Amino acid sequence: MRITVKLFATYREIMGTSVLELDIPDGSNTRSLLAILKQKNKNAPTDYAIVALNSEYVGENAIIKDGDEVAIIPPVSGGQHDTHNQ
Amino acid sequence: MIHITSEPLNPEHITNIVKKNSNGAVLTFLGTTRGFSEGRNVLYLEYEAYQPMAQNMLLQIKSEVNAQWDIEDMAIAHRIGHLDVGDISLVVAIGSPHRKEALEASEYAIDRIKQIVPIWKKEVFEGGEEWLGDEDKRKEFLKTLSD
């Protein structure tokens with residue numbers, strides 16, 4: 001099946017693109033997609049990635065369907081080493 | 001009003017949206033870009049959003065605030081793109097009959113924005129650049145995700 005993967009921030013820079021059109025096996029879940037991305041680029045982070053499926057946050061075992069848009073969500077803005085931020 | 005834009009934010013305009021005769025308290029929070037961070041001299045920042053999800057998450061936060069404090073008058077504007085030091089990146093304006101609710105709701109909304117809204121910032125400083133994120137809030141949020 002064919003899906004669209006959107007990449008942002010750190011993840012986009014590591015993968016060198018903001019969008020990927022991928023053919024992945026039927027029955028894949030978000031965890032297996034992260035593993036596929038890791039195969040494409042060994043620097044792709046897998047341990048901390050949050051995933052959104054069709055613009056909704058999902059857990060790592062969410063099933064992906066044909067035509068889905070999957071977004072890899074790296075940390076949101078806020079300043080991780082500055083608790084006084086904003 | 002929920003707005004994500006690459007144009008400069010106008011806090012007065014956004015505040016006026018929530019200023020009503022029924023609201024004895026009007027609270028406006030401005031997030032601005034710092035010139036110094038971790039001993040670095042910051043040159044500028046780049047903000048990036050996943051749309052339309054970012055907009056949807058801001059709407060969700062507005063609903064959460066409405067459910068918890070019965071506050072209807074709330075405006076959030078987030079700027080994206082290139083921001084110079086001192087620019088306003090975020091405006092959260094809340095109007096409510098009494099101040100307690102406005103103060104509580106404001107803190108809640110800002111925390112939630114940093115937790116769930118897919119907007120990222122890259123700090124470009126003298127000698128390098130780094131994407132920044134709030135890992136503590138993120139880990140809290142990760143625990144809430146289930147399939």
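Side-chain atoms are counted along with the backbone in the values below, which use heavy atoms only and exclude waters and symmetry mates. Each chain gets a letter, A, B and so on, in the order the sequences are listed, and its residues count up from 1. Source: prediction; values computed, not measured.
Grouping the Ile, Leu, Val, Met, Phe, Trp and Tyr side chains by contacts below 4.5 angstrom, directly or via other members, places B:L27 apart from B:L30.
Atom CD of A:E56 sits about 8.0 Å away from atom CD of B:Q60, to the nearest 0.5 Å. Considering OG of A:S18 and CD of B:E48, their distance stands at 8.0 Å, rounded to 0.5 Å.
Looking only at distances, a side-chain donor or acceptor of A:Y57 sits under 3.5 Å from a matching main-chain atom of B:I116.
Annotation: B:D70, atom CG; neighbour count of heavy atoms from other residues, nucleotides and ligands within 6.0 Å does not exceed 12. More than 12 non-hydrogen atoms from other residues, nucleotides or ligands lie less than 6.0 angstrom from NE2 of B:H82. Shown here is B:E107, whose CD atom has no more than 12 heavy atoms of other residues, nucleotides or ligands within 6.0 Å. Counting non-hydrogen atoms of other residues, nucleotides and ligands closer than 6.0 Å to CD of A:E21 gives a total above 12. Within a 6.0 Å sphere centred on CD of B:E46, heavy atoms belonging to other residues, nucleotides or ligands number more than 12.
At a 4.5 Å heavy-atom cutoff, the contact between B:E129 and chain A is made by side-chain atoms alone. Proximity to chain A is absent for every atom of B:A54, based on heavy atoms less than 4.5 angstrom apart.
Proximity of B:W120 to A:I73: side-chain heavy atoms (C-beta onward) are separated by under 4.5 Å at one or more points.
The minimum heavy-atom distance between A:E13 and B:K122, with the atom names listed, is OE2-NZ, 2.8 Å.
Aromatic ring orientation, A:F8 versus B:Y50: tilted (interplanar angle from 30° to 60°).
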